[in-house]
Amino acid sequence: HHQPELNALAEHVFIRKELPGKVFAHDGGARRVVRVARPVGAGADDFRKQIVFLGASIACMAAFQVVNYQKIGRFAVPFYVLSLVLILYTVVGSKVSVPFVRKINGAYAWINFGPASLQPAELMKIAFVMLLARYLRFRSNYRTVTGLLAPFALALVPVAMILKQPDLGTALIFIPA
């Protein structure tokens with residue numbers, strides 16, 4: 001019995017509550033059941049957490065699709081500043097003890113809220129793109145050296161703060177900017 005790969009088979013995939021551990025794949029007419037590994041033990045908690053995050057991500061995606069991008073752009077500066085403040089909070093947490101910040105894998109890059117954690121540098125990536133898009137939208141000099149100074153400064157501030165955590169991998173994401 002040959003079991004086709006899920007990626008090659010599925011155009012639409014959905015999980016049904018009635019049959020946990022099964023994924024139904026629709027491939028243009030025929031419906032086939034593909035068995036997936038059921039998580040057990042600690043892996044089950046991770047699986048549930050990933051499903052919750054998947055649902056939250058889809059809800060955020062839908063919300064952003066409904067709202068006009070120009071309205072979202074108005075929040076670029078406050079979102080950038082909020083992200084900077086949260087990163088600063090983790091940097092302060094690396095020097096003195098502050099609530100919710102602890103060392104994980106050698107870096108003070110996370111704010112822990114019990115079962116959930118937040119990495120402000122990940123928010124900064126989104127905030128930086130939003131702010132850069134908003135800034136460049138009204139500029140025509142972005143192809144000159146002087147026109148690139150402001151975007152460089154906008155990237156330099158979070159990079160310097162992220163390097164203080166230290167989190168080189170996340171800081172390097174900003175370098176092409």
Side-chain angles (χ1 to χ4, degrees), residues 7 15 36-139 142 145-177:
N7 290 340
I15 298 172
V36 294
R38 289 184 62 177
V40 293
D45 291 336
D46 290 340
F47 181 74
R48 282 187 209 98
K49 194 185 306 184
Q50 291 300 320
I51 294 298
V52 168
F53 287 133
L54 176 65
S57 299
I58 291 171
C60 287
M61 180 187 70
F64 281 113
Q65 291 296 317
V66 172
V67 179
N68 185 336
Y69 74 91
Q70 292 173 335
K71 290 182 182 176
I72 294 171
R74 293 180 192 151
F75 296 102
V77 172
F79 188 42
Y80 180 85
V81 170
L82 174 67
S83 299
L84 278 178
V85 168
L86 290 173
I87 291 173
L88 180 62
Y89 184 73
T90 62
V91 171
V92 168
S94 70
K95 305 298 181 204
V96 297
S97 179
V98 295
F100 307 113
V101 177
R102 60 188 168 95
K103 191 174 189 176
I104 299 175
N105 295 329
Y108 292 87
W110 295 84
I111 300 174
N112 298 300
F113 302 104
S117 298
L118 171 71
Q119 189 176 15
E122 296 299 321
L123 292 178
M124 178 51 75
K125 291 177 190 177
I126 298 166
F128 175 71
V129 169
M130 288 173 58
L131 187 64
L132 192 61
R134 181 113 172 126
Y135 173 80
L136 293 177
R137 180 175 174 219
F138 300 109
R139 304 288 184 264
Y142 62 89
V145 172
T146 56
L148 292 175
L149 290 177
F152 178 73
L154 291 173
L156 189 63
V157 173
V159 166
M161 291 173 65
I162 292 168
L163 286 173
K164 291 285 188 187
Q165 291 176 337
D167 188 358
L168 179 63
T170 301
L172 288 176
I173 297 293
F174 289 87
I175 297 302

**Q** Less than 4.5 Å apart, any side-chain heavy atom of Ser83 and any of Phe128?
**A**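 No - every pair of side-chain heavy atoms lies 4.5 Å or more apart.
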**Q** To the nearest 0.5 Å, what is the distance between CG (Leu131) and CD1 (Ile126)?
**A**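 Interatomic distance, Leu131 CG to Ile126 CD1, rounded to 0.5 Å: 13.5 Å.
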**Q** Taking Met124 as the fixed residue, which of Leu84, Thr170, Val159, Val157 is the one that meets the side chain to side chain contact (heavy atoms under 4.5 Å, CB included) rule?
**A**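 The residue from Leu84, Thr170, Val159, Val157 that satisfies side chain to side chain contact (heavy atoms under 4.5 Å, CB included) with Met124 turns out to be Leu84.
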**Q** Not counting sequence neighbours, list each pair that qualifies as a salt bridge (charged side-chain N to carboxylate O under 4.0 Å, His left out) and has a residue in residues 109-138.
**A**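 As it turns out, the salt bridge (charged side-chain N to carboxylate O under 4.0 Å, His left out) pairs with a partner in residues 109-138, which skip direct neighbours, are Glu122-Lys125.
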**Q** Calculate, to the nearest 0.5 Å, the distance between atoms CG and CG belonging to Leu156 and Leu149 respectively.
**A**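 The CG atom of Leu149 is 11.5 Å from CG of Leu156, to the nearest 0.5 Å.
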**Q** Crowded around Asn68 CG? As in, over 12 foreign heavy atoms under 6.0 Å?
**A**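 Yes, the 6.0 Å shell around CG holds more than 12 heavy atoms from other groups.
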**Q** Using a 3.5 Å distance criterion without hydrogens, assess whether the side chain of Tyr89 forms a donor-acceptor pair with backbone atoms of Pro120.
**A**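 No; zero donor-acceptor contacts below 3.5 Å.
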**Q** Going by atom type alone, with no hydrogens or angles, which donor-acceptor pairs under 3.5 Å involve a side-chain atom of residues 111-119 and a protein atom two or more places apart or on another chain?
**A**
from   : atom 1 : to     : atom 2 : distance (Å)
Asn112 : OD1    : Ser117 : OG     : 2.7
Gln119 : NE2    : Asp167 : OD2    : 3.1

**Q** Can you measure from NZ (Lys164) to CG (Leu88) and round to the nearest 0.5 angstrom?
**A**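 Those atoms lie 12.0 Å apart.
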**Q** Nearest 0.5 angstrom please: Ser94 OG to Lys103 NZ, how far?
**A**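 Reported to 0.5 Å precision, the distance equals 9.5 Å.
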**Q** Apply side-chain contact (heavy atoms from CB on, under 4.5 Å) to residues Thr90 and Met161 and explain how you reach the verdict.
**A** CA-CA 9 Å; Thr90 62; Met161 291 173 65; over 6 Å; no
**Q** Tell me the closest heavy-atom pair linking Ile87 and Gln165, and the distance in Å.
**A**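 In this case the closest contact between Ile87 and Gln165 is CG2-NE2, 3.9 Å.
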**Q** Please step through side-chain contact (heavy atoms from CB on, under 4.5 Å) for the pair Phe79 and Leu123, ending with a clear verdict.
**A** CA-CA 8 Å; Phe79 188 42; Leu123 292 178; 4.1 Å; yes
